[in-house]
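See below for the structure under consideration.
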Amino acid sequence: MISSLKPAPSSFSAVSAGVRRSIPTKLQFTPLNTIRNDNNQSFSNSSVSHQKPLHISSTHNCLSFKREVRVQAYEADRSRPLDINIELPDEQSTQKLKIGIYFATWWALNVVFNIYNKKVLNAFPYPWLTSTLSLACGSLMMLVSWATRIAEAPKTDLDFWKTLFPVAVAHTIGHVAATVSMSKVAVSFTHIIKSGEPAFSVLVSRFFLGETFPLPVYLSLLPIIGGCALAAVTELNFNMIGFMGAMISNLAFVFRNIFSKKGMKGKSVSGMNYYACLSLMSLLILTPFAIAVEGPKMWAAGWENAVSQIGPNFVWWVVAQSVFYHLYNQVSYMSLDQISPLTFSIGNTMKRISVIVASIIIFHTPVKPVNALGAAIAILGTFLYSQAKM
């Protein structure tokens, strides 16, 4: 920091743009004092030649520098918060949006699966093999994903597989029962009966888990049960095997959901990998039963007949129903990671509305007004149930 500057009578000559200007008085400067830095290095006076314009001829009496350096550190003032108006989304709202996306994807994939599944069963009425192919396709997809590291392989132990076994048994029974039902009756009827799943969920939770529910929850089950009964009685193409298959599937899937929720607690296996492991174990359980019930001879004859009637498209139908079956179940298990079994049952029931409507439109299923009324009552009961659970 320069503290003083002493001008003295002196002479100064300059050349600028070819014009010579002269000042008669001679300038004299006080000599520069030696400046020392922190490392005790000195900068000595030096002479500058006056042979060229704009050069000082002498450093005598030039300038006097008094070195005063003041260093001060300043700390940021933290006493006043930043006034930034950024609204972060509420955590609960984000969670609801995430679950909503899961549900929408789950429902869309399920609609596509049901359409192709029914097409396959109409041409190839062997539900045990169809169920086995669905599980085999999903298992193969996940094994490839793990091998290529598209998805991280789960770290499991013997205790995990022991916990998974009852879930796999329930999943296998529910899957086969639902497929048997759809092979005998219309898709819409199967899903109308399966809309009674909340009733099974409440009963199982009450008597097996000891959970209690408020009175409105029990009352909301009445229209669900009544609507399903009315739809069953007035069904034009009623079939007892199809009806019982749907009922057994309801009960089995409720147990599957409850066991799955318990099995995922405290486990490092995510919902996606959890369902992949479930598919693998269910495939091992189902395969010997499928061979015993139907057998390769029946499958070969039925396959040849289906290909002769439908053509190569039949193969694509089988592939599509198998792939979409795995995808919709995988997404549903990702949802189950975030919600309770009862909420899952509600979402599963509401999903059936889109399946029922889509199947009626695509397959031109005849529906009597009373049958439609029964379906509407059951769906209304499901809505009342969801409101009572809030």
Checklist entry - Any idea how F255 and F208 line up, ring-wise: parallel (<30°), tilted (30 to 60°), or perpendicular (>60°)? => result perpendicular

Checklist entry - Taking the six-membered ring for Trp, are Y274 and F160 parallel (under 30°), tilted (30 to 60°) or perpendicular (over 60°)? => result perpendicular

When the side chains of residues 284-294 are checked against the rest of the protein, which donor-acceptor pairs come out under 3.5 Å, sequence neighbours left out?
residue, atom, partner, partner atom, Å
T287, OG1, L283, O, 2.6
E294, OE1, L129, N, 3.0
E294, OE1, W299, NE1, 2.7
E294, OE2, W128, N, 3.0

Does [X] reach the side chain of [Y], with side-chain heavy atoms less than 4.5 Å apart?
X	Y	answer
N371	I192	yes
S131	H175	yes
V185	F238	no
Y328	V111	no

Item to check | Side chain S249, main chain A246, donor-acceptor under 3.5 Å | outcome: no

Checklist entry - Can any side-chain N or O of S181 pair as donor or acceptor with the backbone N or O of A177 at less than 3.5 Å? => result no

Next on the checklist: Would you say the rings of Y116 and W316 are close, in the sense that their centroids are separated by under 6.0 Å?
Outcome noted: no

Next on the checklist: As an exercise, state the distance from OG1 of T130 to CZ of F124, rounded to the nearest 0.5 Å.
Outcome noted: 6.0 Å

Item to check | Separation between OG of S201 and CZ of F253, rounded to the nearest 0.5 Å | outcome: 14.0 Å

Next on the checklist: Which residues pass the ring-ring contact (aromatic ring centres under 6.0 Å, His included) test with F324, not counting sequence neighbours?
Outcome noted: none

Checklist entry - Is it the case that more than 12 heavy atoms not belonging to K184 sit under 6.0 Å from its NZ atom? => result no

Checklist entry - Just by distance, with hydrogens left out, do H171 and N329 show a side-chain donor and acceptor under 3.5 Å apart? => result no

Next on the checklist: Using side chain to side chain contact (heavy atoms under 4.5 Å, CB included), reason through T156 and W161 one step at a time and then give a plain yes or no.
Outcome noted: CA-CA 8 Å; T156 61; W161 293 102; 3.1 Å; yes

Item to check | Closest non-hydrogen atom pair, N273 against A153 | outcome: ND2-C, 4.4 Å

Please tabulate, one pair per line, all N/O donor-acceptor pairs under 3.5 Å involving side-chain atoms of residues 359-368, not counting sequence neighbours.
residue, atom, partner, partner atom, Å
S359, OG, V355, O, 3.0
S359, OG, I356, O, 2.9

